There are 2 protein chains.
Amino acid sequence: MDQLEIFKALSNKTRLQILQWLKEPEKNFPEQKCFEAGVCVGQIQQKAGLTQSTVSEYLSLMQRTGLVTATRVGQWTYYKRNEEAFAALSKLIESEI
Amino acid sequence: MDQLEIFKALSNKTRLQILQWLKEPEKNFPEQKCFEAGVCVGQIQQKAGLTQSTVSEYLSLMQRTGLVTATRVGQWTYYKRNEEAFAALSKLIESEI
DNA sequence: AAGATATATCGACTTTTCCCGATATGCCAA
DNA sequence: TTGGCATATCGGGAAAAGTCGATATATCTT
C-alpha cells in the first residue's frame with residue numbers, strides 16, 4: 001500500500017469522479033447489462049468525455065495502486081472498486097498519517 | 001472540505017513527511033522548547049532539508065486545505081496538525097469517495 | 001484468415017507541480 | 001528608527017502529470 005501513489009491517483013477530478021460512478025454501476029451505467037465484474041472501459045470513457053486512451057490510462061493507474069480491480073472477459077476489461085483498499089486507506093489516515 | 005485539494009496536498013513525499021513529524025513534535029523537534037502552538041517553520045525547514053521558501057509554501061498550502069493550523073507568535077509562525085481534518089478525511093473516504 | 005471491435009501503449013504537446021534564489025514583509029531589540 | 005531575524009511571496013527553470021491522436025494488441029465473428 002503505497003500512500004503517496006494512492007494520493008496521487010486521487011489527485012485528479014476525473015479519476016475521483018470515476019470512483020464515485022463505480023459506487024453505483026447500475027445507476028450510472030444503465031446501458032451495461034451485467035455488473036458482476038465491474039464496468040467496461042468504453043462505458044466509463046463515454047461518461048467521462050475524455051479520449052479512450054486517457055481513460056484507459058487512468059483506469060490502469062488506479063489498478064496499479066489497488067483502488068480498483070480489473071477483469072478481462074473476452075475483448076472487454078471490467079473495472080470495479082476495491083472496497084478493501086478504501087477501508088484500508090481510511091484506517092491509514094485515521095491512525096498513521 | 002475540498003477533497004481534490006486535500007489529495008493534492010497529500011501527493012508529495014516531503015509534505016507527508018512533515019505531517020508525520022508533526023504527530024510527535026517533542027520527539028521530532030527536540031531543539032524547540034514549547035509546543036503549545038505547534039512547530040515553527042525554521043525547525044521544519046531544517047529537518048526537511050529544502051529551502052526556507054519551499055517549506056514555507058508547503059506549510060501554507062497545507063494550511064489552506066485545513067490539514068494544519070498556523071499561529072503567529074511574534075516573528076514565528078507555529079504550525080500544527082489539525083486532527084479534526086484527518087478524522088473528517090478518514091470518514092469521507094470510508095463513506096463518500 | 002480477415003475484418004470489426006475493445007482496450008492498451010506510444011510519442012508529443014500543454015499544463016501543473018516542484019523547488020530554487022532573490023526579494024519583500026513583519027516583528028523585535030537596541 | 002535602524003538592523004537583524006523569521007517568514008512570506010515572487011519569478012523562473014526543470015520535472016511530472018494531463019491529455020491527445022496514432023498505432024499496436026487481443027479477441028470475437030464470419
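Chain letters run A, B, ... following the sequence lines, proteins first, then strands; residues in each count from 1. Note that the coordinates shown come from a computational prediction; the quantities given were computed from them, not determined experimentally.
- Between L92(B) atom CG and I97(B) atom CD1 the span is 4.5 Å, to the nearest 0.5 Å.
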Review item, side-chain donor-acceptor pairs of residues 37-55 of chain A, under 3.5 Å, at least two apart:
residue, atom, partner, partner atom, Å
Q45(A), NE2, L50(A), O, 2.9
K47(A), NZ, N28(A), O, 3.4
T51(A), OG1, S53(A), OG, 3.3
T51(A), OG1, T54(A), N, 3.4
T51(A), OG1, T54(A), OG1, 3.0

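- Residues G66(A) and A85(A) share a closest heavy-atom pair of O-CB, 3.3 Å.
- Here salt bridge (Lys or Arg N to Asp or Glu O under 4.0 Å) pairs that include residues 56-80 of chain B, with residues two or more places apart or in two chains, number zero.
- Heavy-atom distances under 4.0 Å link DNA chain C to G74(B), Q75(B) of residues 63-76 of chain B, given in residue order.
- Minimum interatomic distance between Y79(B) and A70(B) (heavy atoms only, all atoms of both residues): CE2-CB, 3.5 Å.
- At whole-Å resolution of the value, CD in Q43(A) and P in dT5(C) are 16 Å apart.
- Taking 4.0 Å as the cut-off between side-chain N and carboxylate O, E94(B) and K91(B) do not count as a salt-bridged pair.
- Within a heavy-atom distance below 4.0 Å of DNA chain D, the residues of residues 45-62 of chain B found are Q52(B), S53(B), S56(B), E57(B).
- Other residues, nucleotides and ligands contribute at most 12 non-hydrogen atoms within 6.0 Å of the CD atom of E36(B).
- Contacts of Y79(B) with the nucleic acid, taken as non-hydrogen atoms under 4.0 Å apart, involve only primed sugar atoms and P, OP1 or OP2.
- Residues passing the side chain to side chain donor-acceptor pair (under 3.5 Å) test with T65(A): none are found, sequence neighbours excluded.
- By the 6.0 Å contact criterion, CD on E84(B) is open, its count of non-hydrogen atoms from other residues, nucleotides or ligands being 12 or less.
- Using a 4.0 Å cutoff on non-hydrogen atoms, the parts of residues 8-25 of chain B near DNA chain C are K8(B), S11(B), N12(B), R15(B), ordered by number.
- With rounding to the nearest 0.5 angstrom, the CD atom of E5(B) is 11.5 Å from the CG atom of L10(B).
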